[in-house]
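Data block below; observations after.
Numbers for residues simply follow the sequence, beginning at 1. Note that this is a predicted model, so its numbers are computed, not measured.
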Amino acid sequence: MSFPLLTATAAVPALGAIATAAMPAAKRTVAKWLALLFSLATLVLAAVVAVRFAPGAKGPFQLTESHAWIKDFGVRYELGVDGIAVALIALTALLVPFVILAGWHDADPLEEATPNRRWRPTQGFFALVLAVEAMVVISFEATDVFLFYLFFEAMLIPMYFLIGGFGDRAGSGGEEHSAALRSQAAVKFLLYNLAGGLIMLAAVIGLYAATADQLGSGTFSLTEIVQARADGKLALGTGTERLLFLGFFFAFAVKAPLWPLHTWLPGAMGESTAPVAVLITAVVDKVGTFAMLRFCLQLFPEASSWATPVVLVLALISILYGALLAVGQRDIKRLIAYASISHFGFIIMGIFAMTSQGQGGATLYMVNHGISTAALMLVAGFLISRRGSRLIADYGGVQKAAPVLAGTFLVGGLATLSLPGLAPFVSEFLVLVGTFSRYPAVGIVATVGIVLAALYVLVLYQRTMTGPVKAEVRTMPDLKARELAVIAPLIALLLFLGVYPKPLTDLVNPAVDHTLSVVDQHDPRPDVPVKADAEAAK
């Protein structure tokens, strides 16, 4: 029996969460190093997965594991990865060590212990981060629909406690007011995602019933269902397939988040610490867009094509709505949150453009958005922790007091607006090209989001980093060694993938081609008769 590499990649952070939570209260520093060690071990395993994965190999999934679990209901412990999953597992494993380093002191005991300012359990914070990592990784690996659903929902529990229990200390109105806002944001996050999950559960049960009716025994296996459809053994009725698609898509659209199901995100990111905000938008939310590619399109190809026009309109609204609201924000973290809503609109638009450029660009966008948002949000967190305020108006002239901090903030912001030469530019360009080739009007309107992105990023930098130096900023310290160790690798990755994205494109393109073949979609041919023009030129 071969070594269960995929299981190990998810099990190591889960074991790390248990070990960290079990550390005595007095061993806070040991717990931090232990959590970092387990996150680095997970990164090593993710690198092994990437090395062992062969992009051009036969079959949709590799490194597969399959074991009987709940036989009476056809549930299996079934794992496998394609290029898209490998890229997102690598992103998750890469970001979590930086989240831990950036949040090194976020859960330390408060200096003044009062009834409303209690001591924070440091071990619990880092254990919850590792628990989220474990659940996200196995969600990317699961090829059994029920197994995926289990961890898709389970990750809400640690995220709820991270948002509600370890919120931003820079909120206004005092600790009691901040605690109330954190609680509201955490409950809203939980309720929205639970509602989506419950609707998805009904669709999961419906899918099982449909397979049981036509195949003789119910199954949740993605590979079995796709193969049965290809062989003509499984044919869902049009109405049934569309209802099941809507059940799955609704849950994924909440998680993504897609307008108008996005309203939980600004509060959750605004009231969280910066590392937890990165965990939300750069890691957890990617499960929603990933699942659209893996489950919505492959399980329900006819319904996906049927829903495409409406989804593209919603994605376009997300792009413009998120960007417009980002322009008007006064809170740094909420600005980044609304910018992320706009970026997720681009990702979903690329997925449902049903072209190889669009879906390849959307997958790259998931990775590049994770890196760029992590860089910008973590630098913003370092800035906010120094000044004690999230309000843009409380800053000014930071680049004179802390030039390295300002410089890294600028690079993170330029990556967010997809400046050529930085990683997000490649993915955004591919999404727009892929969308324009099939839906020109949608592609043209979406470019307005690029202009608005330049506006909200550059205005943010101008108001916080340039101009007269405010008195509260004059003595602001620059980035320290630990903070540089967090930001420098992210900026290096943004530069490398911006200049040389080939490793990522080679990894994800075969999986994109497989998805398009399952949906029975092909890239549109150019309208210009190239051969005839060439002969005429002769």
Side-chain angles (χ1 to χ4, degrees), residues 5-6 9 46-66 78-94 136-145 147-148 221-227 229-230 248 252 256 286-301 304-305 346-370 423 426-427 430-431 433-435 497 501-523:
L5 182 58
L6 297 185
T9 307
V48 174
V49 169
V51 169
R52 289 191 56 186
F53 183 83
K58 185 179 179 180
F61 300 113
Q62 298 179 41
L63 306 175
T64 55
E65 302 173 28
S66 183
E78 197 169 79
L79 307 179
V81 289
D82 56 10
I84 298 170
V86 171
L88 293 175
I89 290 169
L91 172 69
T92 302
L94 174 72
V136 169
V137 167
I138 202 167
S139 296
F140 291 141
E141 297 172 345
T143 57
D144 182 277
V145 176
L147 180 67
F148 169 83
S221 172
L222 174 65
T223 52
E224 289 183 12
I225 294 172
V226 171
Q227 189 61 48
R229 291 188 67 117
F248 277 74
F252 303 152
K286 298 300 187 299
V287 179
T289 47
F290 164 81
M292 291 179 188
L293 275 168
R294 171 166 285 190
F295 295 106
C296 279
L297 268 60
Q298 297 193 43
L299 289 173
F300 317 111
S304 298
S305 299
F346 277 108
I347 294 171
I348 295 170
M349 184 178 74
I351 292 172
F352 281 87
M354 301 294 183
T355 61
S356 58
Q357 299 98 330
Q359 291 189 359
T363 304
L364 293 185
Y365 215 131
M366 292 185 223
V367 176
N368 294 333
H369 171 264
V426 179
S427 45
L430 286 173
V431 165
V433 168
T435 303
L497 293 176
K502 189 174 184 296
L504 269 181
T505 56
D506 288 347
L507 183 64
V508 305
N509 283 343
V512 167
D513 292 339
H514 170 75
T515 302
L516 286 174
S517 67
V518 172
V519 188
D520 195 24
Q521 294 281 353
H522 307 280
D523 288 336

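- Looking at heavy atoms from C-beta onward, Ile89 lies in side-chain contact with Val81 at the 4.5 angstrom threshold.
- You'll find the side chain of Arg294 stays beyond 4.5 Å of the side chain of Ile84, heavy atoms only.
- Nearest approach of Lys286 to Met366, heavy atoms of both residues: CE-O, 2.9 Å.
- Between Phe295 and Phe252 the shortest side-chain heavy-atom distance falls below 4.5 Å.
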> Would Thr9 and Val49 satisfy side-chain contact (heavy atoms from CB on, under 4.5 Å), going step by step from the backbone distance to the final call?
Replying inline: CA-CA 8 Å; Thr9 307; Val49 169; 3.7 Å; yes

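- A distance of 11.5 Å separates CG of Leu507 from NZ of Lys502, quoted to the nearest 0.5 Å.
- For the atom pair CD1 of Ile347 and CD of Gln359, the computed distance is 13.0 Å after rounding to the nearest 0.5 Å.
- At least one side-chain heavy atom of Ser305 sits less than 4.5 Å from a side-chain heavy atom of Val519.
- Summarising the geometry, atom CG belonging to Leu147 is positioned 5.5 Å from atom CD1 belonging to Ile138; distances are rounded to the nearest 0.5 Å.
- For the atom pair Met354 CE and Ser304 OG, the distance stands at 5.0 Å (nearest 0.5 Å).
- The CE atom of Met292 lies 14.0 Å from the OG1 atom of Thr515; values are rounded to the nearest 0.5 Å.
- Taking CD1 from Ile351 and OG1 from Thr363, the interatomic distance works out to 7.0 Å, rounded to the nearest 0.5 Å.
- Annotation: side chain of Leu5 is in contact with side chain of Arg52 (closest heavy-atom distance under 4.5 Å).
- Aromatic ring orientation, Phe290 versus Phe140: perpendicular (interplanar angle above 60°, classes split at 30° and 60°).
- Residues Val137 and Thr92 approach most closely at CG2-CG2, 4.2 Å, considering heavy atoms.
- When all heavy atoms of Glu78 and Leu222 are compared, the closest pair comes out as OE1-N, 4.4 Å.
- The backbone N or O of Val226 sits nowhere less than 3.5 Å from a side-chain atom of Gln298 that would complete a donor-acceptor pair.
- A 4.5 Å side-chain heavy-atom check between Phe248 and Val145 finds at least one atom pair inside the cut-off.
- Side-chain contact check for Leu297 versus Phe352: some heavy-atom pair is nearer than 4.5 Å.
- The nearest pair of heavy atoms linking Val431 to Gly361 is CG2-C, 3.5 Å.
- Among residues two or more places apart in sequence or in another chain, the side-chain contact (heavy atoms from CB on, under 4.5 Å) test is passed with Gln62 by Phe53, Ala54, Ala57.
- For the pair Ser356 and Asp513, the tightest heavy-atom approach, listed with the atom from each and the gap, is CB-OD1, 4.1 Å.
- Between Ala291 and Phe148, the shortest heavy-atom contact is CB-CZ, 3.7 Å.
- A donor-acceptor contact shorter than 3.5 Å links the side chain of Asn368 to the backbone of Ala423.
- Between Asp506 and Pro55, every side-chain heavy-atom pair lies at or beyond the 4.5 Å cut-off.
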